Amino acid sequence: MNDMNQLDDHWHEECGIAGIYGDEKAAEKIYLGLYALQHRGQESAGIASTDGCDIALHKGLGLVWAVFSDPAAMPKLTGHAAIGHNRYSTRGTTNIINAQPIVIECKSGRIAVAHNGTITNASQIRKGMQDSGSIFQTTSDSEIVLHLIARSSQTDIVDAIADALKKLVGAYCFVFLTPDKLIAARDPYGFRPLSLGMIDKVYMVASETCAFDIVGAEYIRSLEPGEIVVIDNAGIRCSHLPEAPRRSYCIFEHIYFARPDSLIFGEKVDKIRRNLGKRLAIEAPADADIVIAVPDSGNTAALGYARVSRLRYEIGLIRNHYVGRTFIAPHQDKRNLDVKVKLNPVSGVLKDRRVVLVDDSIVRGTTMRQIVRMLRDKGAREIHVRISSPPIMNPCYYGIDISRHSELIANEKTIEQIRCYLEADSLAYLSIPGMLSTVEQSSNYCTACFDGSYPTPIPDGFDKFCF
Ligand code: SF4
């Protein structure tokens, strides 16, 4: 079997979440929002909505359109408030049990939750709870917060949520739905993005602002790290969890994960991604004829590189957008097929040209090596690989598909050894200072996957499948 996950040489997005309160078509808006956030997770999708009395839920495995193609799905999601979730399984295995939102009944009543991120002390909390008799439905870390809420001595649901969140370490953005409230929260380090928007006096929250654009909502602001926002019939009110020692926004959201048309952490992704390419051109110029991108991940940085280097930007690789994440090869001989099914070089653009090939990052290097070979086969005279982020030396424990050190080519090889492996004429990465120069307030960003400086303690033996 040939799985597209194996050929996609990128870290994967974590999850996308959205919530809305006070709109009679709440679930429809969340459905559209999830469509816009599809890039953040393709393994499952779900929406929970409330009419003020009960909470209805529909979720399933697959893309948003597939999960909600069931004609019975949307009609049952009635009410004025809803939350939604697109999942990529950073923790827990992929099955319907781990799809979100998760809905439970506790002493505070019915509550639904959708989570983006990874709770790094989840194993310890879970073990303690299991030892004292708790039974878990899922193998996902997101369920832990519901148990903490259910066990809280606080009787008010917002206080119980705050009480639960104080016990968590790691990366999280949550949206909670009760019959009369939407509650959104961002962890005190601020690893993952979560923004507040408004449409016709109705508040909405979402991982990225592309979810606002699709329903015509206006961006108001980013939730602050550690902020809890409660939206109900009384309006909106905000409180804060205890401050973290520092802020740690994920720089990789700007490099790759977020959509270029989104605004996250208060900054435009497109602008920062172009600036990464511009800076790369200053740090690592190449004597070449054209600049091409590995689509779609390298497109925006390649535009920036071309602009500063005054080289022509060309479309030298065509991406097949209809290839899903679960491509199955028709036969066992999958050599060279996996990348070809997704990308095809344009020979007229490449023949006899000295090419700068821009991508956002290299994880294992397997895909880039095949791309370089394909370009060479189509007549490219020289291939200069330029990467708009520094070498990835360390795994991420904050909501990104975990790679072990051994899966990261930059952890195993020098840059010259990687160049040889890729069979490129030259290879250069952006420097860490260069990367940080593209964002405002660079000290607010996490760079652990590049420099190993993890903002929180990471438990020994931490693993995606530890449950
Ligand atoms: Fe983002 Fe890297 Fe930090 Fe993970 S380790 S949160 S991918 S910057």
Side-chain angles (χ1 to χ4, degrees), residues 8-17 39-41 88-91 115-122 141 168-174 186-194 207-208 222-223 225-226 244-259 262 264-267 269 272-273 276 297 301 359-364 387-411 429-459 462-464:
D8 192 354
D9 194 10
H10 277 97
W11 274 352
H12 288 286
E13 300 85 348
E14 51 300 332
C15 295
I17 58 173
H39 59 290
R40 297 183 73 87
Y88 178 84
S89 63
T90 52
R91 302 201 85 198
H115 168 217
N116 172 205
T118 296
I119 297 162
T120 52
N121 65 338
D141 58 347
L168 305 180
V169 179
Y172 59 80
C173 286
F174 282 109
R186 190 168 167 220
D187 75 69
Y189 288 86
F191 284 102
R192 301 282 146 230
L194 190 61
S207 299
E208 293 181 34
S222 175
L223 265 72
R246 53 165 290 192
R247 296 183 169 191
S248 305
Y249 311 159
C250 173
I251 192 82
F252 233 101
E253 292 276 354
H254 282 305
I255 293 167
Y256 170 63
F257 300 132
R259 262 175 51 165
S262 283
I264 56 162
F265 308 134
E267 295 197 69
V269 177
I272 288 171
R273 213 165 277 177
L276 290 164
S297 52
D359 203 358
D360 65 287
S361 58
I362 298 177
V363 179
R364 288 179 296 268
I387 303 299
S388 63
S389 66
I392 303 172
M393 309 288 283
N394 307 284
C396 173
Y397 302 111
Y398 304 119
I400 304 306
D401 188 14
I402 297 168
S403 298
R404 293 179 176 84
H405 280 97
S406 57
E407 293 170 350
L408 300 169
I409 192 169
N411 188 259
Y429 291 83
L430 186 60
S431 67
I432 293 179
M435 171 183 73
L436 290 174
S437 73
T438 63
V439 292
E440 286 173 17
Q441 296 185 304
S442 59
S443 59
N444 284 348
Y445 280 84
C446 173
T447 53
C449 47
F450 306 113
D451 60 14
S453 170
Y454 292 101
T456 67
I458 306 298
F462 183 87
D463 188 271
K464 174 179 178 177

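Note that ligands are numbered from 1 as they come in the structure, with each ligand's atoms numbered from 1 the same way. Worth saying up front: this structure is predicted, and the values here are computed from it rather than measured. Numbers here simply count residues along the sequence, with the first being 1.
Between Asp359 and Ile387 there is a side-chain heavy-atom pair separated by less than 4.5 Å.
The existence of a salt bridge linking Arg259 and Glu208 is excluded, since no basic side-chain nitrogen approaches an acidic carboxylate oxygen closer than 4.0 Å.
Taking the six-membered ring where the residue is Trp, the centroids of Phe450 and Phe252 are separated by under 6.0 Å.
Set against the non-hydrogen atoms of Arg192, the atoms of ligand 1 under 4.0 Å away are 6 (S). Close approach of ligand 1 to Ala448 is summarised as follows: ligand atoms under 4.0 Å from at least one heavy atom of the residue are 5 (S). Short contacts between ligand 1 and Cys449, defined as distances under 4.0 Å to a heavy atom of the residue, involve ligand atoms 2 (Fe), 5 (S), 7 (S), 8 (S). Contact atoms of ligand 1 toward Ile400: 7 (S) (distance under 4.0 Å to a heavy atom of the residue). Taking every non-hydrogen atom of Cys250 and a distance limit under 4.0 Å, the qualifying atoms of ligand 1 come out as 1 (Fe), 6 (S), 7 (S), 8 (S).
Considering Leu168, Val169, Asp141 as possible partners of Thr120, the one that fulfils the side-chain contact (heavy atoms from CB on, under 4.5 Å) test is Val169.
With 2.8 Å as the limit, Cys446 does not count as an N, O or S neighbour of atom 1 (Fe) of ligand 1.
Residue His254 places every heavy atom at 4.0 Å or more from ligand 1.
Of the N and O atoms on the side chains of Tyr398 and Thr456, at least one donor lies less than 3.5 Å from an acceptor on the other residue.
Cation-pi check for Arg186 over Phe265 is not met; the charged atom does not lie both under 6.0 angstrom from the ring centroid and within 45 degrees of its normal.
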